[in-house]
Asker: 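Okay, here's the structure, questions in a sec.
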Amino acid sequence: MNLFYLRYFVTLAHVQHYTKAAEQLCITQPSLSHAISQMEKELGVPLFEKVGRNTTLTRFGEEFLSCAEHTLSTLDEGVASLKRSARGEGLIRLGLLRPLGVEFVPRLAARFLEEHPDKEIQFTFHTDVTQHLLEGLAARKFDLLFCSKPQEELGLTAVPIRRQELVLITPKNHPLAEEKSIDLAKTEPYPYVYFAKSSGIRDVIDEMFINSKIVPKIAYETEEDQVVAGLVSQGLGIAVVPYMDLLLKLNLNILKINTPAYERNFYLVNDDSVYMSPAVKAFQKYVLAGDTFSI
């Protein structure tokens, strides 16, 4: 039994006439008869029976028809999906940091779709911290990531695409609240709300403290920048965080960091050892070719 035989069987089941079915299949009637005979021999039961001039399904044939149609439908859908992918269509699965999901990544996706109106392209968007996104990429749940720089030992391709300003935030009644800008070294006496080690920004902030030659007094740790800001606004410490509009809505004071110098970038990350569909490659190329790098 093979796929041709299955298609022969389904066609004959619907047409109910050997000569007409053979014509529709563009084969000879003896070839069709032989194929059906071989199938019945292999299955050990009759699939068809003669009723006058027509050929109808036996009860075994009716049972097998449902299975054959489902099998062929699944196969045809899979073939069609692969052909769409080869044409540059299909699904693009993105993993991203939450701050990039407010405007930056949605704008890229929308403009990419506008430039390819003739193609059937869909996106999925999943937000998380960098460590979890990298685990998802390793598990092949995502095609591309927008996140912090991955560790070198992971062997991933990471291209900087956007720079972000870091600021110091304090409660409104904090001793540093009157300052407009600050050297990080002056914050040594005060407890910090700090990013957890699973957060991609942790390494950047750790390096800032090393360069300032101080050790932060960590009172609390958490992964999300919004949670860090919320804890600080309730007087639980001070923090270095990426600048975001949310800070303006909370009971916080925002200070520019004068020293040390730092570089906080977001990266477009992928695994070159994993095949990328034409649609994913096209979107990757679009992102890297655009004017996305800004402060």
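In what follows, every heavy atom counts, from backbone to side chain, and hydrogens, waters and symmetry copies are set aside.
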Asker: Which atom pairs, one a donor and one an acceptor, fall under 3.5 Å between side chains of residues 58-66 and the rest of the protein, sequence neighbours left out?
Answerer:
| unit_1 | atom_1 | unit_2 | atom_2 | d |
| --- | --- | --- | --- | --- |
| Thr58 | OG1 | Pro46 | O | 2.6 |
| Thr58 | OG1 | Leu47 | O | 3.4 |
| Thr58 | OG1 | Phe60 | N | 3.3 |
| Thr58 | OG1 | Gly61 | N | 3.1 |

Asker: In sequence, state the C-alpha distance, the side-chain angles, and the governing distance for Thr55 and Gln16, and then conclude on side-chain hydrogen bond (donor to acceptor under 3.5 Å, both in side chains).
Answerer: CA-CA 5 Å; Thr55 301; Gln16 297 187 355; over 6 Å; no
Asker: Could you check whether any side-chain N or O of Thr130 sits under 3.5 Å from a backbone N or O of Ser148, counting only pairs where one atom can act as donor and the other as acceptor?
Answerer: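 Here the side-chain-to-backbone pair exists.
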Asker: Would you say Glu135 has more than 12 foreign heavy atoms packed within less than 6.0 Å of its CD?
Answerer: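 Yes, enclosed.
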Asker: Do the side chain of Lys217 and the main chain of Tyr190 share a donor and acceptor less than 3.5 angstrom apart?
Answerer: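 No: the side chain of Lys217 does not pair with the backbone of Tyr190.
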Asker: Is a side-chain N or O of Ser212 found less than 3.5 angstrom from the main chain of Met208, in a donor-acceptor match?
Answerer: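 Answer holds: yes.
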Asker: Decide, yes or no, whether a salt bridge links Glu224 with Arg98 under the criterion of side-chain N to carboxylate O below 4.0 Å.
Answerer: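 Yes, this pair counts.
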Asker: What orientation do Phe104 and Phe146 show, parallel under 30°, tilted 30 to 60°, or perpendicular over 60°?
Answerer: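 Rings of Phe104 and Phe146: perpendicular, over 60°.
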Asker: Angle class for the Phe123/Phe125 ring planes (parallel below 30°, perpendicular above 60°, tilted otherwise)?
Answerer: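 Phe123 vs Phe125 ring planes: parallel.
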Asker: For Asp183 and Lys186, indicate whether the former's side chain and the latter's backbone hold a donor-acceptor pair under 3.5 Å.
Answerer: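 Flag not set: sc Asp183 to bb Lys186 has no pair under 3.5 Å.
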Asker: So with a 6.0 Å cut-off around NZ of Lys213, is the heavy-atom count from everything else above 12?
Answerer: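 For Lys213, atom NZ is not crowded (no more than 12 foreign heavy atoms under 6.0 Å).
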Asker: Enumerate donor-acceptor pairs with a distance under 3.5 Å from any side-chain N or O in residues 21-36 to protein atoms, sequence neighbours excluded.
Answerer:
| unit_1 | atom_1 | unit_2 | atom_2 | d |
| --- | --- | --- | --- | --- |
| Thr28 | OG1 | Ser31 | N | 3.2 |
| Thr28 | OG1 | Ser31 | OG | 2.8 |
| Gln29 | OE1 | Thr19 | OG1 | 2.7 |
| Ser33 | OG | Gln29 | O | 3.1 |

Asker: Enumerate, atom names and distances included, each donor-acceptor pair closer than 3.5 Å involving a side-chain atom of residues 110-117, sequence neighbours excluded.
Answerer:
| unit_1 | atom_1 | unit_2 | atom_2 | d |
| --- | --- | --- | --- | --- |
| His116 | ND1 | Phe112 | O | 2.9 |

Asker: Has Arg140 got more than 12 heavy atoms of other residues, nucleotides or ligands less than 6.0 Å from its CZ?
Answerer: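 It does not: Arg140 CZ has 12 such atoms or fewer within range.
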Asker: Between Asn270 and Gln284, is any side-chain donor less than 3.5 angstrom from a side-chain acceptor?
Answerer: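 Asn270 vs Gln284: donor-acceptor pair found between side chains.
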Asker: In chain order, what residues pass the ring-ring contact (aromatic ring centres under 6.0 Å, His included) check against Tyr220, with sequence neighbours excluded?
Answerer: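 Tyr220: no ring-ring contact (aromatic ring centres under 6.0 Å, His included) contacts found.
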Asker: Would one find more than 12 heavy atoms of other residues, nucleotides or ligands at under 6.0 Å from atom NZ of Lys119?
Answerer: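 Count over threshold, so yes.
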Asker: Partners of Asp76 by salt bridge (Lys or Arg N to Asp or Glu O under 4.0 Å), sequence neighbours excluded?
Answerer: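 Arg7.
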Asker: Is Glu120 atom CD crowded by more than 12 heavy atoms from other residues, nucleotides or ligands, each under 6.0 Å away?
Answerer: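 No, not enclosed.
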Asker: To the nearest 0.5 angstrom, please state how far the CG atom of Leu145 sits from the CG atom of Leu268.
Answerer: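 Separation between the atoms: 8.5 Å.
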Asker: Quick check for you: to the nearest 0.5 Å, what is the distance between Ile201 atom CD1 and Asp225 atom CG?
Answerer: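 The CD1 atom of Ile201 sits 7.0 Å away from the CG atom of Asp225.
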Asker: Please name all residues satisfying ring-ring contact (aromatic ring centres under 6.0 Å, His included) with Phe48, sequence neighbours left out, ordered by chain then number.
Answerer: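 Phe9.
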Asker: Salt-bridge test for Arg202 and Asp206: reply yes if a basic N is under 4.0 Å from a carboxylate O, no otherwise.
Answerer: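 So Arg202 pairs with Asp206 through a salt bridge.
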